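Notes for the one structure printed next.
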Amino acid sequence: MALRFLGTTSEDGDCPTLYEVDGTDDILVQGERETDPEHLARLRDVKPSETFVRVPRSLLARYAPRSEAPELQPFSSISHLFREFRHTAWRLETRRGYASDRNGPKWQRFLDGDDIAHDPDNAWRENVRFQSAQGKRFERVRLVDDPLTEGQRFLLASAPGNIGAGEDIRNLPRAEAERIRLPDCDFWLFDSKILARFAFDDQDTTLGVYVTEDPAEVLAACQARDAAWHHAVPTEEFAERVRSTM
């Protein structure tokens, strides 16, 4: 089962840190091992497999989930949120490629060198146009590698169509994302209130989403959003940088 980074109170990338074990209610805690013999002697019912670590109370207060782990739902279960959100739908994209792109109708055209930037609107872009006309915002930050993967080049090539419909899409180097301790999972955040976190298999196929309004998880997503948005580069500027190196 995959681990998901929840948060840390460390300023230098060291412990302590909390992780969630996907698909369970278990939390993995990283911290300094307890070695005080007096403390260890007072612990009760200790199994040979168990160990003990110290973490600050603030770590648990800020990042420990306050509700049961959400169940995996099909992505279609949140389709209504893209129409019903009130002000902002925000996405973090962390993967190096997506099966939905590779299996889509534009992939082979992209490989053949065709222009895929200005295709006619599809249902997604039509909704973006409609919602944007109401003053709502669709925003994304995409993590990118150096050099770009094939999947990332596809997204960069097709981005102008989404941007033209009203999305604000920005790009952030993965090294920078790791430096500022962004989570390594994809998610949508609606109105800073509802978090929909993706689950993928090893082939980049979407398995579903975990949907929650847990305050700790939503707060962590909001903090990640603010940090990512501050450091990310608008797509047009990023594309120009890529072209200048080719």
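Computed from a predicted model, the values in this text were never measured in an experiment.
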Inset, instruction - Decide, yes or no, whether a salt bridge links R86 with D191 under the criterion of side-chain N to carboxylate O below 4.0 Å. - result: no
Legend entry - Exam field: side chain R109 to backbone D115, donor-acceptor pair closer than 3.5 Å: yes
Inset, instruction - Mind checking ring-ring contact (aromatic ring centres under 6.0 Å, His included) for F187 and listing every partner two or more places apart, or none if nothing turns up? - result: W90
Legend entry - Any side-chain heavy-atom pair of L172 and L182 under 4.5 Å: yes
Inset, instruction - State whether the side chain of T24 and the backbone N or O of V21 hold a donor-acceptor pair below 3.5 Å, judged by distance alone. - result: yes
Inset, instruction - Look at the side chain of N122 and the backbone N and O of R125, then say whether any donor-acceptor pair between them is shorter than 3.5 Å. - result: yes
Legend entry - ILVMFWY cluster, L219 and L195 together (side-chain gap under 4.5 Å): no
Inset, instruction - May I ask you to decide if V218's main-chain N or O and K193's side chain share a donor-acceptor pair within less than 3.5 Å? - result: no
Legend entry - Donor-acceptor side-chain pairing of N171 and T235 below 3.5 angstrom: yes
Legend entry - Those residues that, when tested against D184, pass salt bridge (Lys or Arg N to Asp or Glu O under 4.0 Å) (two or more places apart): none
Legend entry - Within 6.0 angstrom of Q203 CD, more than 12 heavy atoms from elsewhere: no
Inset, instruction - Applying side-chain contact (heavy atoms from CB on, under 4.5 Å), name anything that partners E236, two or more places apart in sequence or on another chain. - result: none
Legend entry - R140 side chain near N162 side chain, heavy-atom distance below 4.5 Å: yes
Inset, instruction - Would you please indicate yes or no on a ring centroid separation below 6.0 angstrom for Y210 and F198? - result: no
Inset, instruction - Locate the shortest heavy-atom distance separating P160 from H118; write the atom from each residue and the value. - result: CB-CE1, 4.2 Å
Legend entry - Min side-chain heavy-atom separation E93-V141 under 4.5 Å: no
Legend entry - Exercise: identify the closest heavy-atom pair between P74 and V209: O-CG2, 4.0 Å
Inset, instruction - Using the rule that two of Ile, Leu, Val, Met, Phe, Trp, Tyr join whenever any of their side-chain heavy atoms come within less than 4.5 Å, decide whether L155 and F238 are in one cluster. - result: no
Legend entry - Main-chain N/O of F130 paired with Q134 side-chain donor or acceptor, under 3.5 Å: yes
Legend entry - Residue that, paired with D186, satisfies salt bridge (Lys or Arg N to Asp or Glu O under 4.0 Å) out of R91, R197, R96: R91
Legend entry - Qualifying residues under side-chain contact (heavy atoms from CB on, under 4.5 Å), relative to A89, sequence neighbours excluded: F85, F138, W188, F190
Inset, instruction - Please test V233 against R241 for side-chain contact (heavy atoms from CB on, under 4.5 Å), starting from the C-alpha separation and ending with a verdict. - result: CA-CA 10 Å; V233 177; R241 292 183 187 180; 3.7 Å; yes
Inset, instruction - Would you check if there is a donor-acceptor pair between the side chains of R142 and T94 at a distance under 3.5 Å? - result: no
Legend entry - ILVMFWY network linking V211 to F200, side-chain heavy atoms under 4.5 angstrom: yes
Inset, instruction - Go through the steps to decide whether R181 and F5 satisfy the test side-chain contact (heavy atoms from CB on, under 4.5 Å), and finish with yes or no. - result: CA-CA 9 Å; R181 303 303 299 272; F5 171 80; 3.3 Å; yes
Residues 30-41, side-chain donor-acceptor partners within the protein, below 3.5 Å, at least two apart:
unit_1, atom_1, unit_2, atom_2, d
Q30, OE1, Y19, OH, 3.4
R33, NH1, T51, OG1, 2.9
E34, OE1, H39, ND1, 3.4
E34, OE1, R54, NE, 2.6
E34, OE1, R54, NH2, 3.0
E34, OE2, D36, N, 2.8
E34, OE2, R54, NH2, 3.4
D36, OD1, E38, N, 2.8
D36, OD1, H39, N, 3.2
H39, ND1, R54, NH2, 3.2

Legend entry - T88/E139 under side-chain contact (heavy atoms from CB on, under 4.5 Å): CA gap, chis, key distance, verdict: CA-CA 8 Å; T88 311; E139 300 171 343; 3.9 Å; yes
Inset, instruction - Examine the side chains of D112 and Q108 and answer whether a donor and an acceptor come within less than 3.5 Å of each other. - result: yes
Inset, instruction - Kindly work out whether a path of hydrophobic side-chain contacts (I/L/V/M/F/W/Y, heavy atoms less than 4.5 Å apart) joins I194 to I78. - result: yes
Legend entry - Flag, side chain of S132 to backbone of V128, donor-acceptor distance under 3.5 Å: yes
Legend entry - Joint cluster assignment, L72 & F75, ILVMFWY side-chain distance < 4.5 Å: no
Inset, instruction - Return the minimal non-hydrogen interatomic distance between L59 and P16, and the atom names on each side. - result: CD2-CB, 3.8 Å
Legend entry - Closest non-hydrogen atom pair between S192 and R225, with its separation: OG-NH1, 2.7 Å
Inset, instruction - Taking ring-ring contact (aromatic ring centres under 6.0 Å, His included) as the test, write out the residues that go with F154, two or more places apart. - result: W107, F110
Legend entry - Whether D204 side chain and A99 backbone form a donor-acceptor pair below 3.5 Å: no
Inset, instruction - Please determine if R129 and E126 form a salt bridge, counting it only when a charged side-chain N lies under 4.0 Å from a carboxylate O. - result: no
Inset, instruction - Verify the neighbour count for atom CD of E237: are there more than 12 heavy atoms of other residues, nucleotides or ligands below 6.0 Å? - result: yes
Legend entry - Heavy atoms of other groups near H80 NE2, more than 12 under 6.0 Å: yes
Legend entry - Shortest non-hydrogen contact between I116 and S158, atoms and distance: CD1-CB, 3.8 Å
Legend entry - Chi angles and distances behind the side-chain contact (heavy atoms from CB on, under 4.5 Å) call for D101, Q152: CA-CA 10 Å; D101 292 334; Q152 291 163 355; over 6 Å; no
